[in-house]
Amino acid sequence: MRYALLAALTAVSVLGAASGAYAEEKGKDAANAGSAAAALAPSARSAILMDAGTGTIIYEKNSHDKLPPASITKIMTMLLTVEAIDEGRLQLTDKVRTSEYAASMGGSQIFLEPGEEMTVDEMLKGIAMASGNDASVAMAEKIAGSESAFVDMMNAKAEGLGLKDTHFANCNGLPAKDHYSSAHDIAVISRELLKHDRIIKYTGAYQDYLRKDTEKPFWLVNTNKLVRFYTGADGLKTGYTSEAKFCLSATAARDGLRAIAVVLGEPNTKTRNSEVSGMFDYLFSQYKVHTIHKAGDSIGMLNIEKGMKTKLPIVAKENYSVLLRKGITQEGIRHELVLPKSLKAPITADQTIGKLVVYQGNELLKEYELKAGEDVAKAGWWKLFKRTTGSMFTTD
């Protein structure tokens with residue numbers, strides 16, 4: 001008995017020491033990571049580094065400060081444009097006529113003339129690559145009828161995304177009263193824009209032409225030089241005004257990871273690009289992605305009451321992943337499907353029906369909302385009657 005008790009105490013002691021050593025080592029890793037992250041973007045007034053896939057924030061500095069965003073504003077303008085295209089309200093071949101007001105915009109421009117027409121495709125090039133203030137207003141007028149109506153759409157979208165630090169007064173970022181955003185909110189808008197794959201064609205191109213086959217060809221060179229000089233960089237938008245200083249929301253993809261880095265209030269373009277490159281380097285060298293389910297995977301079934309269907313398949317609408325530090329074991333990662341026992345019809349597509357919760361041990365890593373992939377109409381009384389009476393005569 002004494003021997004058994006001594007053995008048990010020894011085991012507890014050894015396990016405790018091992019656990020303490022692991023905790024100490026993990027603590028050292030966290031401290032080293034924190035020290036390295038703290039050195040990121042030292043010259044920026046505000047900054048944030050985010051993993052686009054999971055939305056995990058790796059680093060932030062004054063990320064909720066409300067600051068003038070300059071031409072980074074155009075990320076929201078591009079988002080509303082590609083949404084209109086993907087929803088079929090706009091075609092890339094549609095003509096966009098330039099109003100006198102749009103043509104009067106100063107600052108960065110593609111020198112549109114009143115009455116000049118370009119396609120939506122060409123306008124997007126002018127916005128994404130040349131930061132055209134005139135092209136932004138022309139596009140806003142095409143979509144909403146006026147810039148002010150488009151700005152209302154921008155603010156409604158910001159509210160729908162849950163953004164608390166943002167208010168737009170125009171669609172191009174020229175200095176204006178009550179026009180502000182934050183590094184955090186810009187990263188969220190950037191992540192939303194990146195869900196529309198087509199945008200990379202524009203933000204990731206280094207050079208192109210407008211009016212190529214005319215007497216006045218216009219050579220476009222991307223204002224974001226990282227798309228040429230940083231491996232994997234393919235967007236998104238630069239900005240500068242004397243008030244905002246040098247700003248950038250950038251994205252790059254490598255080894256299955258996509259990073260979003262936002263800096264506001266940098267002193268010059270060289271520092272801006274260098275510090276964003278350093279943020280990218282940090283994420284790609286220190287982190288890896290662990291995928292739980294890929295987009296399209298069947299992950300469960302939901303019982304439906306009083307519906308035309310009795311069961312609704314649950315399919316992953318995107319990659320459900322978690323971000324892990326390199327060197328940290330993936331052991332202990334588990335996930336739970338949290339669903340109600342059943343839901344009553346009618347159910348609409350994109351209605352939230354449950355969530356996927358990912359843990360490492362007992363630590364919550366990530367939650368994903370699960371949405372219905374289709375409508376389920378309410379069944380009529382006759383169908384419900386037949387279903388009920390049919391089950392009365394069914395035997396196991």
Side-chain angles (χ1 to χ4, degrees), residues 26-27 29-73 75-76 79 158-159 161-167 180-195 224 226 230 232-233 235-239 244-254 257-267 271-289 321-326 328 358 363-368:
K26 189 174 181 182
D29 288 343
N32 291 337
S35 177
L40 299 175
S43 301
R45 170 70 179 81
S46 175
I48 194 167
L49 176 63
M50 176 187 287
D51 168 52
T54 64
T56 303
I57 295 172
I58 308 301
Y59 164 77
E60 53 188 335
K61 170 186 176 183
N62 305 323
S63 67
H64 287 280
D65 285 5
K66 297 176 181 178
L67 299 169
S71 283
I72 289 182
T73 298
I75 293 174
M76 180 63 91
L79 173 58
E159 184 177 353
L161 291 172
L163 307 184
K164 305 297 184 185
D165 313 324
T166 296
H167 184 270
Y180 55 83
S181 191
S182 68
H184 171 273
D185 286 7
I186 291 164
V188 173
I189 301 169
S190 299
R191 185 179 182 228
E192 195 69 19
L193 177 60
L194 287 166
K195 293 178 182 178
N224 180 9
L226 291 182
Y230 189 90
L236 277 168
K237 191 71 200 68
T238 60
K245 303 304 179 188
F246 294 87
C247 308
L248 176 60
S249 178
T251 184
R254 266 191 217 170
L257 286 173
R258 177 170 286 281
I260 295 171
V262 179
V263 291
L264 304 178
E266 292 278 19
T271 303
R272 177 184 71 184
N273 293 347
S274 174
E275 294 193 351
V276 167
S277 296
M279 293 166 80
F280 285 158
D281 288 344
Y282 178 77
L283 188 146
F284 293 136
S285 67
Q286 298 298 313
Y287 289 87
K288 61 184 177 180
V289 68
S321 307
V322 289
L323 195 69
L324 301 176
R325 279 189 59 81
K326 290 181 178 178
I328 299 296
V358 186
E363 180 186 356
L364 174 65
L365 294 183
K366 185 74 178 176
E367 288 188 1
Y368 283 99

Heavy-atom side-chain proximity of [X] to [Y] below 4.5 angstrom:
X: Leu248; Y: Leu264; result: no
X: Tyr180; Y: Thr166; result: no
X: Ser181; Y: Leu67; result: no
X: Leu236; Y: Asn224; result: no
X: Leu49; Y: Ile57; result: no
X: Leu323; Y: Ile58; result: yes
X: Glu266; Y: Val276; result: no
X: Leu194; Y: Thr251; result: yes

Fill in the blank from the handout: Residues at least two apart in sequence or cross-chain that pass salt bridge (Lys or Arg N to Asp or Glu O under 4.0 Å) with Lys195, listed by chain then number, are Glu192
Using only atom types and a distance under 3.5 Å, with no angle test, would you say the side chain of [X] pairs donor to acceptor with the backbone of [Y]?
X: Lys61; Y: Ala44; answer: yes
X: Glu275; Y: Ser43; answer: yes
X: Thr271; Y: Pro267; answer: no
X: Ser285; Y: Tyr282; answer: yes
X: Tyr287; Y: Asp51; answer: no
X: Tyr59; Y: Leu40; answer: yes
X: Lys366; Y: Thr54; answer: yes
X: Ser46; Y: Asn62; answer: yes

[X] [atom1] to [Y] [atom2] distance, which is reported to the nearest 0.5 Å:
X: Met50; Y: Glu60; atom1: CE; atom2: CD; answer: 8.5 Å
X: Lys237; Y: Ile72; atom1: NZ; atom2: CD1; answer: 8.0 Å
X: His167; Y: Glu159; atom1: NE2; atom2: CD; answer: 10.5 Å
X: Ile75; Y: Leu193; atom1: CD1; atom2: CG; answer: 7.0 Å

Exercise for the section: List in chain and number order the residues that pass side-chain hydrogen bond (donor to acceptor under 3.5 Å, both in side chains) with Ser190, two or more places apart in sequence or in another chain; answer none if no residue qualifies. Expected result: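 Applying side-chain hydrogen bond (donor to acceptor under 3.5 Å, both in side chains) to Ser190 gives Ser249.
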Handout entry: Which residues share a side-chain hydrogen bond (donor to acceptor under 3.5 Å, both in side chains) with Arg191, sequence neighbours left out
Key = none
Sequence neighbours left out, what passes side chain to side chain contact (heavy atoms under 4.5 Å, CB included) with [X]? Give chain and number order.
X: Ser182; value: Asp165, His184, Asp185
X: Asp281; value: Tyr230
X: Lys164; value: none

Looking at every non-hydrogen atom in both residues, tell me the closest pair between [X] and [Y] and how far apart they are.
X: Ala250; Y: Leu226; answer: CB-CD1, 4.3 Å
X: Ala244; Y: Ala70; answer: CB-CB, 3.9 Å
X: Ser63; Y: Ala47; answer: CB-O, 3.8 Å
X: Met279; Y: Val262; answer: CE-O, 4.3 Å
X: Leu257; Y: Phe284; answer: O-CE2, 3.8 Å

Practice task
Determine, stepwise, if the pair Lys288 / Lys326 fulfils side chain to side chain contact (heavy atoms under 4.5 Å, CB included).
Solution key: CA-CA 6 Å; Lys288 61 184 177 180; Lys326 290 181 178 178; 4.2 Å; yes
Practice task
Identify whether the distance between the nearest side-chain nitrogen and carboxylate oxygen of Asp65 and Arg45 falls below 4.0 Å.
Solution key: yes
